[in-house]
Amino acid sequence: MPNAPVSSGIPTVKVSPRGAERLKSGHVWVYRSDIISADSVLPGSLVYVTDHRGKPLGTALYSSSSQIAIRMISSDRVEDFLPLLRQHIADAIAYRKPLVRDSEAYRVIFSEGDFLPGLIVDRYGDILSLQILTQAMNADPVRQAILAELTERFHPASIVERVDPRVRELESLAPRASGLLQGEKSSTIFSMNSIRFHYDAIEGQKTGAFLDQRENYVAAAQYARGEALDIFCYQGGFALHLAPHCSGVTGVDSSRAALEVAEQNAALNRRDVNQPEIEWIEGNAFDLLKDYSSSDRHYDTIVLDPPAFAKSKRDLDAALRGYKELNLRALKMLRPGGILVTCSCSYHVSQSNFLEMLADAALDAHRTLRLIEVRGQAKDHPVLLNIRETAYLKCVIAMVS
Ligand code: SAH
């Protein structure tokens, strides 16, 4: 499907009173059901948005296919998207300068959170990884401008694109393979909080590492001690941060590929002979926790960082049951004074849903929980207060008695 030219003959899209209200409340999305007219607007166009009476509401990027038809980029009239795009990239970089410390890996651009809806860019040392999530960001001139700006700002060895086939399908974009867009380098070793990790742009899961947990690793390590269990450990993010503070660490994940990288990561960091060897176990977390808790195994620190259980609102109850089962078993296995680090990355599970679930689990486990920290995603994944969807990660650190 052809993409529209981004800067000429800008069409107008009229939205319903409900759509206009949503924008006035500070959100940037208008759903397709709130579009009154978008006649012959081409996929991915820059559009002017008005209310049903024709009053201007600003400028947006249009998708002809997604349920989210409009993503606002300005409350003014913007005639050319590209200068604004460059400015927002520069702003995103400047925003992070004082906020990201002791890490060669971080999120450079977080879509709506950086006023660049549909664009995610992560940095792993001298490799940049980008994800294009909308028709507008996929337009050739936009892609070229993104690459040019990132190249000028970072001089990366390479830029890779990570493609989510499901997103391209939802946006009616032609299938495309993940791969290098620029340069040859596709793997590296990066340091985060003084711990080293392998990164492989082509092989990894998601965008390589779970950068949103970067600050939570440090927080968890502050309280971790004794024997630690890192459930859903992936490539060892928490386990490697806990190891210097613990007498033993076990990481559990169902993905053998992830554990192989975890083991290589552990080898990269094994400079201190006093640091315990980390044991990696391939298995289903639910089965393992059931086994361990019924065979009276005990730990001093347990991390739970499962994948998103609620992919949509409809899954909320089932997701909360899943979280509760995991947390209940972990609580039973913690020694008095033990530390629970428990996370949820489901946007549909709110912080209060999550805390309520945890309170229930504590009651059922006959344990008392004292909250030490209630945390969210790292600051390079900015949360816009008026766009609730930008806040998705919960990380609660609590002491069990
Ligand atoms: N804590 C990790 C990120 C975890 S992502 C970090 O900080 O890097 C979720 C992980 O859960 C993935 O690695 C996935 O392989 C694993 N997983 C998903 N379902 C699982 C299951 N039923 N049992 C064990 N691991 C599972």
Side-chain angles (χ1 to χ4, degrees), residues 103 105-107 122 124 129 162 164 189-193 195-200 203-221 224 228-243 246 249-266 268-269 278-293 301-311 315 318-319 321-330 333 339-347 349 375-378 380-381 392-397:
S103 187
Y106 58 93
R107 180 149 291 183
D122 291 329
Y124 293 90
S129 157
R162 300 269 315 168
D164 180 342
I189 288 170
F190 67 88
S191 139
M192 173 195 281
N193 308 319
I195 296 194
R196 301 194 326 137
F197 291 88
H198 287 278
Y199 169 66
D200 195 325
E203 296 302 321
Q205 185 177 324
K206 203 184 165 194
T207 47
F210 290 86
L211 301 176
D212 48 5
Q213 293 281 26
R214 179 174 52 85
E215 295 169 354
N216 296 331
Y217 295 147
V218 178
L229 187 58
D230 176 8
I231 307 269
F232 305 98
C233 65
Y234 182 58
Q235 297 174 354
F238 278 100
L240 291 161
H241 281 82
L242 303 190
C246 293
V249 179
T250 302
V252 179
D253 203 282
S254 57
S255 159
R256 175 183 288 262
L259 292 176
E260 280 166 7
V261 180
E263 192 140 27
Q264 293 166 18
N265 286 339
L268 269 183
N269 294 282
I278 304 175
E279 179 192 17
W280 306 103
I281 298 180
E282 181 186 343
N284 181 310
F286 286 90
D287 297 343
L288 181 127
L289 280 175
K290 200 166 165 189
D291 262 20
Y292 276 27
S293 60
T301 305
I302 298 181
V303 178
L304 298 172
D305 184 18
F309 288 158
K311 300 261 191 246
D315 306 332
R321 280 197 297 277
Y323 288 118
K324 185 171 168 190
E325 179 180 337
L326 293 173
N327 282 277
L328 176 65
R329 294 198 193 283
M333 288 160 65
I339 295 291
L340 177 68
V341 180
T342 180
C343 310
S344 162
C345 57
S346 300
Y347 155 69
V349 176
R375 307 178 54 89
Q377 61 227 42
D380 48 337
H381 295 60
Y392 64 96
L393 183 63
K394 278 78 52 193
C395 173
V396 175
I397 305 180

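Remember, it's 1-based here, ligands and their atoms both numbered in the order they're listed.
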If you compare N216, N284, I281, D230 by their heavy atoms, the one closest to atom 22 (N) of ligand 1 turns out to be N284
Any heavy atom of C343 under 4.0 Å from ligand 1? The part involved is neither
Among F232, F197, Y217, the residue with a heavy atom nearest to atom 6 (C) of ligand 1 is Y217
Working for salt bridge (charged side-chain N to carboxylate O under 4.0 Å, His left out), residues E325 and R321: CA-CA 6 Å; E325 179 180 337; R321 280 197 297 277; over 6 Å; no
I'd like to know if G283 contacts ligand 1, where contact means a heavy-atom distance under 4.0 Å to any ligand atom. yes
**Study point:** L326 side chain reached by F232 side chain, heavy atoms, under 4.5 Å
**Key:** yes
Quick look: A258 vs ligand 1, heavy-atom contacts under 4.0 Å, and the answer is neither
message: I want to check something: taking the side chain as every heavy atom from C-beta on, are R214 and N193 in contact at a cut-off of under 4.5 Å?
response: yes
Quick note on ligand 1: atoms under 4.0 Å from a heavy atom of C233 include exactly 2 (C)
Taking only non-hydrogen atoms of Y234 and a 4.0 Å limit, the atoms of ligand 1 in range are 2 (C), 3 (C), 4 (C), 8 (O), 13 (O)
What one should report as the nearest heavy-atom pair of S344 and Y323 is OG-OH, 3.0 Å
Point to revise | Geometric N/O contact P307 with ligand 1, under 3.5 angstrom | key: no
Considering both backbone and side-chain atoms of V252, is one of its nitrogen or oxygen atoms within less than 3.5 Å of a nitrogen or oxygen in ligand 1? no
query: Under 4.5 Å between any side-chain heavy atoms of L268 and L240, yes or no?
result: no
One finds that the ligand 1 atoms under 4.0 Å from a non-hydrogen atom of S255 are 15 (O)
Logged contact type for F210 with ligand 1, heavy-atom cut-off 4.0 Å, is side chain
Side chain to side chain donor-acceptor pair (under 3.5 Å) filter on K324, not counting sequence neighbours, yields D364
Sorted by chain and residue number, the ring pair (Phe, Tyr, Trp, His ring centres under 6.0 Å) partners of F190 (sequence neighbours excluded) come out as Y124, F197
Ligand 1 atoms nearer than 4.0 angstrom to some heavy atom of A285 are 21 (C), 23 (N), 24 (C)
If you measure every N/O of Q235 against every N/O of ligand 1, is any gap under 3.5 Å? no
Classify the ring geometry of F309 against F286: parallel below 30°, tilted from 30° to 60°, perpendicular beyond 60°. tilted
Are F210 and Y217 side-chain neighbours, meaning at least one heavy-atom pair lies under 4.5 Å?
yes
Q) So, is D305 polar-close to ligand 1, with some N/O to N/O distance under 3.5 Å? A) yes
